[in-house]
Amino acid sequence: MKLKLFLFSSLVVMTSVSMTAASKNSMAVLTMQELQDKIAGGWAAQTIGCAFGGPWEFRYQGKMIAPETDLKFSTSEVKQNMLHNPGLYDDIYMDLTFVDVIERFGLNAPADSFATAFAYAKYPLWHANQSGRYNVIRGIYPPRSGYWKENPHADCIDYQIESDYAGLMSPGMPNAASAISDKVGHIMNYGDGWYGGVFVGAMYTQAFLYNDIEKVITEALRTIPVKSKFHKVISSVIDWYHQHPDDWRATWQLVQNHYSTDIGCPDGVFNKLNIDATLNCAYVIMGLLYGGGDLTKTADVATRCGQDADCNPSTACGILGCMLGYSHMPEFWRKSVEGCEDINFQYTDISLSKVYKLSLKHALMQVKKNGGKVEDDKVYIKVQKPKPVRFEQSFKGLTLSKAISLKCNVDKVPSTRFEGKAILLQGSVRCKDPNYKALVDVVLDGKVVTTLQLVRNAYTANVDYLYYNYDLKAGNHTISFRWQNPDAKAQIYCNRFIVYK
């Protein structure tokens with residue numbers, strides 16, 4: 001089926017949220033049915049958005065999908081992916097890990113409970129998630145597991161695509177959502193990477209209150225420190241949207257010109273790939289603003305921006321779906337989940353139907369915990385004024401210098417001279433024995449500074465770096481490696497050095 005656009009004005013909606021004045025705070029009043037409808041809309045629309053963009057994930061890096069390229073999508077694709085390509089929905093089943101922890105341990109579940117459930121789940125992970133898992137399994141718990149000096153992927157997109165649950169269970173309460181994200185988001189992220197999740201969660205909280213998508217965005221942005229790069233980027237996108245309200249491609253080019261360089265991700269540095277939370281969230285906001293309140297157009301723009309082209313429409317559509325409510329989504333979108341809402345997502349025992357109910361249950365708990373109340377069929381929400389979370393910055397004081405190509409086993413890496421104040425060795429352990437632990441001495445400026453214990457097993461197989469040091473004294477250095485226990489069946493593949501100055 002060729003893509004069809006279903007255009008709805010962002011002002012023609014849906015549920016009208018009643019607001020009543022309180023002494024210092026406002027109270028928002030929703031019926032139980034309205035609250036459930038918005039929660040279901042958020043979960044259903046993000047699932048559809050993920051399937052919509054799935055075929056285009058990372059196929060367009062540093063370039064847009066041309067307008068003449070049809071983004072074909074049919075109402076059967078969500079179900080077909082659930083049955084035959086369930087790994088596509090990592091955006092969703094990662095969220096459900098945290099929903100399940102809250103269901104089992106309550107709103108006050110400690111960070112360690114979330115971290116343990118996440119680290120030992122059976123799904124594969126990448127980037128910041130995988131680095132966070134690697135750290136937790138080695139005994140490094142949040143917030144250290146996501147801190148940039150412990151996690152080179154700290155600014156990647158990971159928590160941004162997993163934070164929907166926090167907003168959907170915190171209607172009108174952005175600070176309550178931020179408190180949850182403080183515990184969970186620091187498992188894998190820090191700084192701008194963490195802000196992505198805080199911001200997305202906050203947008204969901206505002207989608208329960210406002211029918212104006214720009215209002216949802218600008219109110220949520222108040223949760224992000226003004227001096228952060230993340231705030232600057234999103235503010236720029238809003239400004240550029242006003243300058244080019246009918247041309248999202250002009251805004252895309254401005255984003256590309258100013259904000260497309262990654263500094264941390266070992267896979268993205270000096271490459272076209274960019275899985276940075278900030279850049280990809282810019283694409284989310286473009287989808288929302290240029291989508292004009294229409295789900296299909298929102299998904300279309302967010303997908304055509306490229307890079308993480310399934311996660312970005314998933315996030316954008318989830319927020320808009322929450323604002324619209326399930327019952328006000330176009331029939332085409334509702335049909336996309338009909339017949340598959342009772343199918344459990346891979347690695348979970350939770351379906352869409354079940355998570356609609358769980359998130360409603362958790363939302364009512366949040367409402368009561370934060371000064372609201374439930375009476376008969378009415379939910380009285382004590383609306384929170386968005387407050388900025390604390391300021392964090394990853395890779396502070398570092399700029400990219402160069403990459404030194406290696407493409408050899410660690411025992412073949414020559415003694416390498418470099419000038420800078422930080423270095424990362426990108427590579428991986430390859431071995432059929434999942435219990436093998438390689439011991440490798442790092443010789444820096446003639447001294448053994450550490451012995452790496454590199455493992456390759458089901459949980460840590462895809463960490464994409466072997467060594468990093470972000471605390472060197474600026475100047476000239478030499479680095480080499482000694483493999484203590486070489487194994488003929490093992491390979492410690494070294495791709496390149498990334499040098500910072």
Side-chain angles (χ1 to χ4, degrees), residues 8 10 13-15 35-54 73 78 81 88-96 98-99 157-171 174 177 180-181 196-211 213 216-217 220 277 280-281 283-289 291 293-303 305 308-330 333-334 336-337 341 345 350-352 355-356 358-360 362-363:
F8 289 81
S10 62
V13 191
M14 316 110 167
T15 303
L35 181 59
Q36 177 73 95
D37 195 50
K38 285 179 170 289
I39 289 171
W43 282 112
Q46 65 169 297
T47 304
I48 301 166
C50 186
F52 184 104
F73 186 76
V78 175
N81 279 301
L88 172 68
Y89 296 110
D90 56 338
D91 301 49
I92 317 299
Y93 60 66
M94 283 294 306
D95 272 81
L96 299 183
F98 309 130
V99 171
I157 196 174
D158 303 59
Y159 187 60
Q160 181 169 293
I161 68 173
E162 300 152 8
S163 59
D164 312 71
Y165 76 96
L168 285 166
M169 64 178 283
S170 306
I180 297 171
S181 290
V198 172
F199 180 52
V200 166
M203 283 194 286
Y204 275 103
T205 71
Q206 301 307 290
F208 286 94
L209 303 178
Y210 303 111
N211 293 336
I213 199 65
V216 168
I217 293 166
N280 284 279
C281 199
Y283 297 158
V284 170
I285 299 308
M286 288 172 60
L288 286 167
L289 292 174
D294 168 66
L295 279 164
T296 308
K297 189 174 180 181
T298 295
D300 183 75
V301 173
T303 301
C305 286
D308 203 345
D310 65 329
C311 295
N312 297 333
S314 176
T315 300
C317 290
I319 293 160
L320 182 56
C322 179
M323 190 179 85
L324 294 167
Y326 186 97
S327 63
H328 296 278
M329 286 164 48
W333 277 65
R334 293 197 308 271
S336 296
V337 292
E341 287 174 290
F345 287 95
I350 301 177
S351 63
L352 279 171
V355 77
Y356 299 160
L358 288 174
S359 284
L360 175 62
H362 299 163

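Keep in mind that the numbers below use all heavy atoms, side chains included, and drop hydrogens, waters and symmetry copies.
- We find the CE-CG distance between M203 and L320 to be 11.5 Å, quoted to the nearest 0.5 Å.
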Original post:
Going through the checks in order, is the side-chain contact (heavy atoms from CB on, under 4.5 Å) test met by I217 and Q206?
Top reply: CA-CA 8 Å; I217 293 166; Q206 301 307 290; over 6 Å; no
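- Closest heavy-atom contact between Q36 and Y356: NE2-O, 3.0 Å.
- Across all non-hydrogen atoms, the minimal contact from N81 to A51 is ND2-CB, 4.0 Å.
- Nearest heavy atom pair, residue P174 against residue A202, reads CB-CB, 4.3 Å.
- A side-chain donor from one of N280 and N312 sits under 3.5 Å from a side-chain acceptor of the other.
- With a 4.5 Å cut-off on side-chain heavy atoms, F345 and S351 do not count as touching.
- Between W43 and D95 the shortest side-chain heavy-atom distance falls below 4.5 Å.
- For S314 (side chain) and D310 (main-chain N/O), no donor-acceptor pair under 3.5 Å exists by modelled atom type.
- Among the candidates V99, I39, L360, I180, the single residue satisfying the side chain to side chain contact (heavy atoms under 4.5 Å, CB included) test with M169 is I180.
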**OP:** Evaluate side-chain contact (heavy atoms from CB on, under 4.5 Å) for V78 paired with F52, printing each intermediate quantity in order.
**Re:** CA-CA 8 Å; V78 175; F52 184 104; over 6 Å; no
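- Summarising the geometry, atom OG belonging to S327 is positioned 9.5 Å from atom NZ belonging to K38; distances are rounded to the nearest 0.5 Å.
- Remark: the S181 side chain and the Y159 side chain contain an N/O donor-acceptor pair separated by less than 3.5 Å.
- What you find for G167 and F208 is that their closest heavy atoms are O-CE1, 3.6 Å.
- Residue M323 holds its CE atom at 10.5 Å from CD1 of I319, rounded to the nearest 0.5 Å.
- Here I92 contributes atom CD1 and C50 contributes atom SG; the two are 5.5 Å apart, rounded to the nearest 0.5 Å.
- With a 4.5 Å cut-off on side-chain heavy atoms, I285 and L288 count as touching.
- Side-chain contact between M94 and I161 is absent, with no heavy-atom pair separated by less than 4.5 Å.
- No side-chain heavy atom of W333 sits under 4.5 Å from any side-chain heavy atom of L324.
- To the nearest 0.5 Å, atom SG of residue C317 and atom NZ of residue K297 are 13.5 Å apart.
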**OP:** For Y89 and L96, run side-chain contact (heavy atoms from CB on, under 4.5 Å): C-alpha distance rounded to whole Å, both residues' side-chain angles, the deciding distance at 0.1 Å, then the answer.
**Re:** CA-CA 11 Å; Y89 296 110; L96 299 183; over 6 Å; no
Subject >> Check against side-chain contact (heavy atoms from CB on, under 4.5 Å), S336 and F73 >> reply: CA-CA 10 Å; S336 296; F73 186 76; 3.9 Å; yes
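- The two residues F199 and C281 come nearest to each other via the heavy atoms CD2-SG, 3.6 Å.
- The distance from the CD1 atom of I157 to the OG1 atom of T315 is 6.5 Å, given to the nearest 0.5 Å.
- When all heavy atoms of C322 and L168 are compared, the pair lying nearest together is SG-CD2, 4.0 Å.
- With contacts defined as side-chain heavy-atom distances shorter than 4.5 Å, the pair V301/Y283 does not qualify.
- Using a 4.5 Å heavy-atom threshold, the side chains of P171 and L35 count as touching.
- With a 4.5 Å cut-off on side-chain heavy atoms, I350 and Y93 do not count as touching.
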